[in-house]
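Below: the structure, in structure tokens.
Since we're looking at a predicted model, the values are computed, not measured.
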Amino acid sequence: MHGMISRPPGAATNIATSRVVLLLLVVMTGVAPISLYMLVPALPVLATNFGSDISIAQMTVSLYMVGIALSQLIMGPLSDRFGRRPVLLGGLALMVAASVACIFAQTLPQLIAARFFQALGGAAGMVVSRAIIRDIYERDRVASMISLVVAALMIGQMVSPLTGGLIETAFGWRAIFYAITIAAIIVAVGIALALPETRRTRAAGSGFRRDVGMLIKSRAFVGYVMCQVLASQIIFTFAGGGPYIVVTQMGRSSAEYGAWFATTGFAFLVGNLLCVRYAPRHSLENLIWFGLALQLCGSVANLLWSLIGWNEAPAWLFGTQMIVMAGNAFVMANSAAGAISIRPEAAGTASGAMGFLQQGIGALMSQFGAYLGGHSATTLPLTSAVLAISLLCACVMIFVVPRREVVVSEALIGQAEEEETGMM
């Protein structure tokens, strides 16, 4: 059968325990988002050098995000069809070519177009890494491994703006793209040398249309994806409205906002690290409910502080939001694990659909959050929106995701995995 792979017994275990493979999962996931944040400090310089408005320079970021969203929708199904390695290497080759085009761009439209293709290629690592995790780890370990990769990625994202700013100050903005090009080449070489093909054997007659049809018909898949996507919108909404609230309403500096916002990133990192520790010992459904409880408690408290008026100080607003973000990490990691485990041989398609919805809706929710923060005199509209999203997330788990007592789907998943293992 075309696309079938063969692995000797114990090969999956060797891959799963390899530190090199784990490191590759981290770097292939991070190469696109880190490249996004590295350029952000140089946006004012780009606007000045090209004689354009800052809003035009901002398109190097906004269209990059569009590229990330589209890439996940495209690369996921391709990785199910042709394998993880070819899609990863092809995506990184496109990223390298686009990064070189960024270096030699003579106009801002050329740079914006090159950035779009840079994201289109680089984001292959984001979607395929989740599929690889599902390929090589058992279902009860998927959430913890996703959390571990995200935790490592968070550290890289925290330092990437600083790194980009230092490179731009010392060598100019084009040097940022030299660094990105070198990083993409290193990641591609690492994948070519150390990452074996992990895609599962596909059954006769399986294909993109059949995968999509079966996933859409699965209540569990739809529920997990909705839960994961809604949870991610809390981050986008709060990030969109936060700057206006802190700088405009509270009269604080943008630097102070950056420091306060970093606390929510730290809470998200801690949540992921806790998920790494507890995911192997508890069902993903229980961990999702734990995360939802934290989200709801933090959201309700933040709304109360808004009604009382305490949220006019950043410490109250961000202190409570840290609780929300810690719970958010549990919800996102375990919902993602559930979604890509419904049909393991279509993990790439599932991961791509989830990533596309997350990024696409996120762009709209970020604008919505900015509207709430920029057109209000209090924090109440923004905190109300966060609470509403948290409630929707919980409703999805209650009314859409099948209850744990209905174990038929779980049994079928286990049976399918055993059959696939015997075929490899």
Side-chain angles (χ1 to χ4, degrees), residues 29 32-33 36-37 58-59 61-77 116 119-120 123-124 126-127 130 146 150 153 157 212 215-216 218-244 264-265 268 288 291-292 295-296 299 321 324-325 327-340 342 348-374 381-397 399-401:
T29 303
L36 167 65
Y37 293 113
Q58 180 68 26
M59 292 182 68
V61 172
S62 56
L63 278 186
Y64 191 98
M65 295 182 68
V66 173
I68 288 178
L70 290 177
S71 176
Q72 298 194 66
L73 193 62
I74 297 169
M75 299 299 183
F116 171 79
L120 197 65
M126 298 176 66
V127 58
R130 288 192 294 260
I146 290 177
V150 170
L153 175 60
Q157 288 181 339
V212 171
L215 289 173
I216 291 177
S218 169
R219 275 186 60 196
F221 173 76
V222 173
Y224 285 131
V225 168
M226 289 178 63
C227 193
Q228 201 271 352
V229 171
L230 283 170
S232 69
Q233 302 317 303
I234 292 176
I235 301 175
F236 287 111
T237 303
F238 190 81
Y244 297 95
T264 62
F268 189 73
I288 291 174
L292 288 172
Q295 275 187 182
L296 285 170
S299 301
Q321 187 66 19
V324 176
M325 294 302 297
N328 189 266
F330 278 87
V331 177
M332 289 184 63
N334 288 280
S335 297
I340 63 178
I342 298 302
T349 301
S351 175
M354 183 169 56
F356 173 77
L357 291 172
Q358 178 181 318
Q359 295 290 331
I361 299 175
L364 298 176
M365 293 304 293
S366 179
Q367 291 296 115
F368 177 64
Y371 176 83
L372 294 179
L382 183 64
T383 55
S384 298
V386 171
L387 176 58
I389 298 171
S390 298
L391 288 170
L392 281 174
C393 219
C395 287
V396 167
M397 279 299 293
F399 298 111
V400 181
V401 177

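- Proximity of Ile389 to Met365: side-chain heavy atoms (C-beta onward) are separated by under 4.5 Å at one or more points.
- Ser390 places no side-chain N or O within donor-acceptor distance of the main-chain N or O of Leu296, the cut-off being under 3.5 Å.
- Val401 has its side chain out of reach of Met226: every pair of non-hydrogen atoms, C-beta onward, lies at least 4.5 Å apart.
- Here Leu372 contributes atom CG and Phe238 contributes atom CZ; the two are 12.5 Å apart, rounded to the nearest 0.5 Å.
- Annotation for Ala336 and Ile146: closest pair CB-CD1, 4.2 Å, computed over non-hydrogen atoms.
- Residues Thr349 and Pro77 share a closest heavy-atom pair of OG1-CA, 3.5 Å.
- Of the possible donor and acceptor atoms, one in the side chain of Gln233 sits under 3.5 Å from a partner among the backbone N and O of Gly362.
- Of all the heavy atoms in Ser218 and Ile342, the pair that sits closest is OG-CG2, 3.5 Å.
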task = Mind running side-chain contact (heavy atoms from CB on, under 4.5 Å) on Gln321 and Ile234 for me, showing each step along the way?
result = CA-CA 10 Å; Gln321 187 66 19; Ile234 292 176; 3.9 Å; yes
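- A 4.5 Å side-chain heavy-atom check between Phe236 and Ile361 finds every atom pair outside the cut-off.
- The side-chain heavy atoms of Ile340 and Met354, taken from C-beta on, include a pair separated by under 4.5 Å.
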request  = Start with the C-alpha distance between Asn328 and Val331, add both sets of side-chain angles, then the distance that settles side-chain contact (heavy atoms from CB on, under 4.5 Å), and finish with yes or no.
outcome  = CA-CA 5 Å; Asn328 189 266; Val331 177; 5.6 Å; no
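- Distance check, rounded to the nearest 0.5 Å: CG of Leu73 to CE of Met75 gives 11.0 Å.
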message = Is there a side-chain contact (heavy atoms from CB on, under 4.5 Å) between Phe330 and Ile288? Walk through the geometry before answering.
response = CA-CA 6 Å; Phe330 278 87; Ile288 291 174; over 6 Å; no
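- A pairwise comparison of heavy atoms in Ser299 and Val386 identifies OG-CG1, 3.6 Å as the closest pair.
- At least one donor-acceptor pair under 3.5 Å links the side chain of Tyr64 to the backbone N or O of Ala32.
- Considering all non-hydrogen atoms of both residues, Ile68 and Ala123 come closest at CA-CB, 3.9 Å.
- Taking 4.5 Å as the limit, some side-chain heavy atom of Met332 sits within range of a side-chain heavy atom of Gln358.
- The line from CE of Met65 to CG of Leu70 is 12.0 Å long, rounded to the nearest 0.5 Å.
- For the pairing with Ser335, the side-chain contact (heavy atoms from CB on, under 4.5 Å) check across Ser232, Cys393, Cys227 returns one residue only, Cys227.
- The minimum heavy-atom distance between Ser351 and Arg130, with the atom names listed, is OG-NE, 2.7 Å.
- Counting non-hydrogen atoms of other residues, nucleotides and ligands closer than 6.0 Å to CZ of Phe116 gives a total above 12.
- Looking only at side-chain heavy atoms (C-beta outward), Leu215 and Val225 stay at 4.5 Å or farther from each other.
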